[in-house]
Amino acid sequence: MDIKRQQEFPHNPALAEALQTQLAHQIEITQGPDQARLIGAADVAYHKHQNIAYAAVILYDMQSHTVLEEASWIGEPEYPYTSGLFSLREAPLLLRAFAQFKRTPEALLIDGHGIAHPRRFGLASHLGWSLDIPTVGVSKTPFFGDHAPVGDQRGDQAPITDQGQIIGLSLCTQPHTKPVYVSPAHRFDMQSAYTFVLRCCTRYRQPEPLRKAHDLSIRLRATTPL
DNA sequence: GCGACAG
DNA sequence: ATCTTGTCGC
């Protein structure tokens with residue numbers, strides 16, 4: 001598949017943040033697909049001691065519940081980990097992995113945040129914008145915004161807000177389980193993101209496609225000789 | 001100044 | 001992210 005938008009980022013944090021603010025204007029918060037069958041998902045694992053990232057992407061078929069494609073990119077991240085500038089670190093690697101897909105996903109699930117970000121441009125938004133595919137961010141931990149406690153029944157939700165604006169939601173995906181933190185990233189709105197993520201969480205807390213992507217990243221690390 | 005801080 | 005085992009509870 002092709003990458004619609006490429007963007008170099010300055011290494012200077014203040015300049016990179018300013019660019020995020022600019023690009024956020026191009027993020028579209030609109031209703032996402034409601035019956036997407038081909039779901040792309042991404043995750044990254046890291047080497048224990050060396051500065052090596054294992055970027056993994058998979059294409060998941062919601063109809064057969066199987067992985068149709070796997071792709072990866074192994075390399076040294078160009079940026080250090082910086083909270084708020086996280087996408088600078090992982091997006092370039094993941095894009096090189098996505099570029100290898102034969103088919104184009106109808107929607108993406110990314111391990112990270114979308115617009116629940118200080119400048120509304122988290123990793124998921126960065127990737128959704130670059131590929132111009134409807135995308136939702138799903139994180140295991142909160143990052144930005146205020147969130148009230150949420151119930152522990154599947155489907156229970158509570159908004160994540162920033163200055164009165166709803167930028168995401170805490171979502172319980174399985175009974176008696178900690179919530180995940182969902183935010184629209186690009187071409188999804190809050191309602192469709194909620195439905196989409198819940199539909200992808202069949203047996204575990206995390207959406208199935210994300211679990212498969214995580215599994216691939218770990219597998220790559222274990223099987224790739226240095 | 002101090003603590004917090006997606007992965 | 002990574003370092004790390006078993007264990008208690010729904």
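Naming: A, B, ... by sequence-line order, numbering from 1 per chain.
- In summary, the aromatic rings of A:His11 and A:Tyr79 are positioned with their centroids under 6.0 Å apart.
- Looking at residues 46-53 of chain A, you'll see A:Tyr46, A:Lys48 sit with a heavy atom under 4.0 Å from some atom of DNA chain C.
- A distance below 6.0 Å separates the ring centres of A:Phe188 and A:Phe196.
- Under the 4.0 Å criterion applied to side-chain N and carboxylate O atoms, A:Arg187 and A:Asp132 are assigned as salt-bridge partners.
- In this structure, A:His147 has its ring center under 6.0 Å from that of A:Tyr181.
- With a heavy-atom cut-off of 4.0 Å to chain A, the contacted part of DNA chain B has its first and last nucleotide at B:dC5 to B:dG7.
- Taking a cutoff of 4.0 Å between a charged side-chain nitrogen and a carboxylate oxygen, A:Glu69 and A:Lys102 do not qualify as a salt bridge.
- By the 4.0 Å N-to-carboxylate-O rule, A:Arg219 lies close enough to A:Asp215 to be salt-bridged with it.
- Listed by residue number, there are no residues of residues 205-226 of chain A with a heavy-atom contact under 4.0 Å to DNA chain B.
- Here the two rings, on A:Phe86 and A:Tyr81, have centers that are under 6.0 Å apart.
- Under a 4.0 Å N-O distance rule, the pair A:Asp162/A:Arg120 qualifies as a salt bridge.
- Across all strands, A:Pro142 comes closer than 4.0 Å only to sugar-phosphate atoms, never to a base (heavy-atom distances).
- Looking at heavy-atom distances under 4.0 Å, A:Gly84 makes contact with a base.
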>> Checking A:Gln20 against A:His126 for the side chain to side chain contact (heavy atoms under 4.5 Å, CB included) test, could you report, in this order, the C-alpha distance in whole Å, the side-chain angles of both residues, the deciding distance, and whether it holds?
In response: CA-CA 9 Å; A:Gln20 287 184 323; A:His126 187 149; over 6 Å; no
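- Looking at A:Gln22 and A:Arg119, their side chains never bring a donor and an acceptor atom within 3.5 Å of each other.
- Here A:Ala45 lies in heavy-atom contact (under 4.0 Å) with sugar-phosphate atoms only.
- In this entry the distance linking CG of A:Leu93 with C1' of C:dA1 reads 13 Å, nearest Å.
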